[in-house]
Protein chains: 2
Amino acid sequence: MTVMETTEPGTDVCVPPPQALRRPDGRDQYTISEVVAFTGLTAHTLRWYERIGLMPHIDRSHTGQRRYSNRDLDWLDLVGKLRLTGMPVADMVRYAEMVRAGDETYADRFALLEATRRDVRARIAELQDTLAVLDRKINFYADAGQALASERSR
Amino acid sequence: MTVMETTEPGTDVCVPPPQALRRPDGRDQYTISEVVAFTGLTAHTLRWYERIGLMPHIDRSHTGQRRYSNRDLDWLDLVGKLRLTGMPVADMVRYAEMVRAGDETYADRFALLEATRRDVRARIAELQDTLAVLDRKINFYADAGQALASERSR
DNA sequence: CGCTTGCTTGGAGTGCACTCCAAGGTTTTA
DNA sequence: TAAAACCTTGGAGTGCACTCCAAGCAAGCG
């Protein structure tokens, strides 16, 4: 009875989304469920993105169903990337608004992208720092494990 | 009258925490507000970490106030690093429980650290991918900005 | 035609990680 | 010694990013 539109929550142990399904080009009209398959987002989330102004206007079929274009999918790709950087959705909405506003926002958009790039570089540096800590700790655990093992066998 | 224990929310535009104040060694007793200064966490968060089992038992003064040790600060450093990786607090709690449980959890802890390292590497790769996208977009914007500027001056 | 599957809406609910509050006891500074 | 700053608790509140629900319309198939 109920709509089954979640992406299976069972077996997502080591698989990302199933390669996020490359979209077949040659078409420029996709239903929401196709977009779900391409992006790994849920239909809920896609509609929510639209409500909060994160999406441009999405075409509709004659019966009112959403028809996403390749352009829309490109935008969703960018949104996905920005999401990975930890950028708040509200900031992305502001960016989307600037895009809609047109040419006079070029400078601001440019600045926002550069600031984001700076943040991403900083986050990469932090993560590499963390990686170093993990490496040290893992080596320590490996050694300690050795010690424990030899103690046990003694 | 009220407790003033937030770290000033006004001017945090480009400063991280104020270098997170290196702790002066030679001591092994710190009040909660000193720990706030060292870690950049709020006192609220420190107490919350304790409630949920993320901290080992923290010493108390004879009147019941918390006295953090260097060991505790080291643990908070690790927690901070893990937090940067996006590890959920619940997972950190599980790790803390394993540490408390002792030797028989060595293998599990080792595995958890290695899995985390794998995740961190993956996230770094994602971010570098995103960086590439941003670079391309920024170059595009720079060119388009040039075009606009020359158009305006025409 | 009926059945299944898919899409629509606004609004309410969820989970996470804090964040704050009130009311009171403690410690430090003047 | 008095005022100011700091610490304690349990429980309630906040903000974000979804996530779900009910009720209903629509499309394809045997």
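Because the structure is predicted, anything quoted here is derived from the model rather than measured. When reading the values below, keep in mind they use all heavy atoms of this one structure, side chains included, and skip hydrogens, waters and symmetry mates. Per chain, numbering begins at 1; letters A, B, ... match sequence-line order.
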Which comes earlier along DNA chain C counting from the 5' end, the contact point of A/Glu50 or that of B/Trp48, where each point is its nearest nucleotide? A/Glu50

Where each residue is assigned the nucleotide of DNA chain C containing its nearest heavy atom, which of B/Gln65 and B/Ala90 is assigned the position nearer the 5′ end?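 That would be B/Ala90.
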
State which of [options] makes the closest approach to the side chain of [X].
X: B/Thr63; options: C/dC7, D/dC6, C/dT27; value: C/dT27
X: A/Arg60; options: D/dA17, D/dC7, C/dT8; value: C/dT8
X: A/Ile32; options: C/dT8, D/dT8, D/dT19; value: C/dT8
X: A/Arg66; options: C/dA17, C/dT9, D/dT19; value: C/dT9

Grab the [atom1]-[atom2] distance between [X] and [N] for me, whole Å please.
X: A/Arg47; N: C/dT8; atom1: CZ; atom2: C1'; answer: 7 Å
X: A/Met92; N: D/dA17; atom1: CE; atom2: P; answer: 7 Å
X: A/His44; N: C/dT9; atom1: NE2; atom2: C1'; answer: 13 Å
X: A/Ile52; N: C/dG10; atom1: CD1; atom2: P; answer: 14 Å
X: A/Arg94; N: D/dC16; atom1: CZ; atom2: P; answer: 13 Å
X: B/Asp91; N: C/dG15; atom1: CG; atom2: C1'; answer: 14 Å

Check: B/Thr116/B/Asp119 side-chain N/O donor and acceptor closer than 3.5 Å: no

Do [Y] and [X] meet the salt-bridge criterion of a basic N to acidic O distance under 4.0 Å?
X: A/Arg71; Y: A/Asp74; value: no
X: A/Glu114; Y: A/Arg117; value: yes
X: B/Arg60; Y: B/Glu50; value: yes

Determine the contact category for B/Arg51: base if any of its heavy atoms lies under 4.0 Å from a base atom, sugar-phosphate if only primed atoms, P, OP1 or OP2 are that close, otherwise nothing.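 Base, at least one base atom sits under 4.0 Å.
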
Mind checking if B/Arg67 touches a base, just sugar-phosphate, or nothing, with heavy atoms under 4.0 Å? nothing

Mind telling me whether B/Tyr106 and A/Tyr141 have parallel, tilted or perpendicular rings, with 30° and 60° as the class edges? tilted

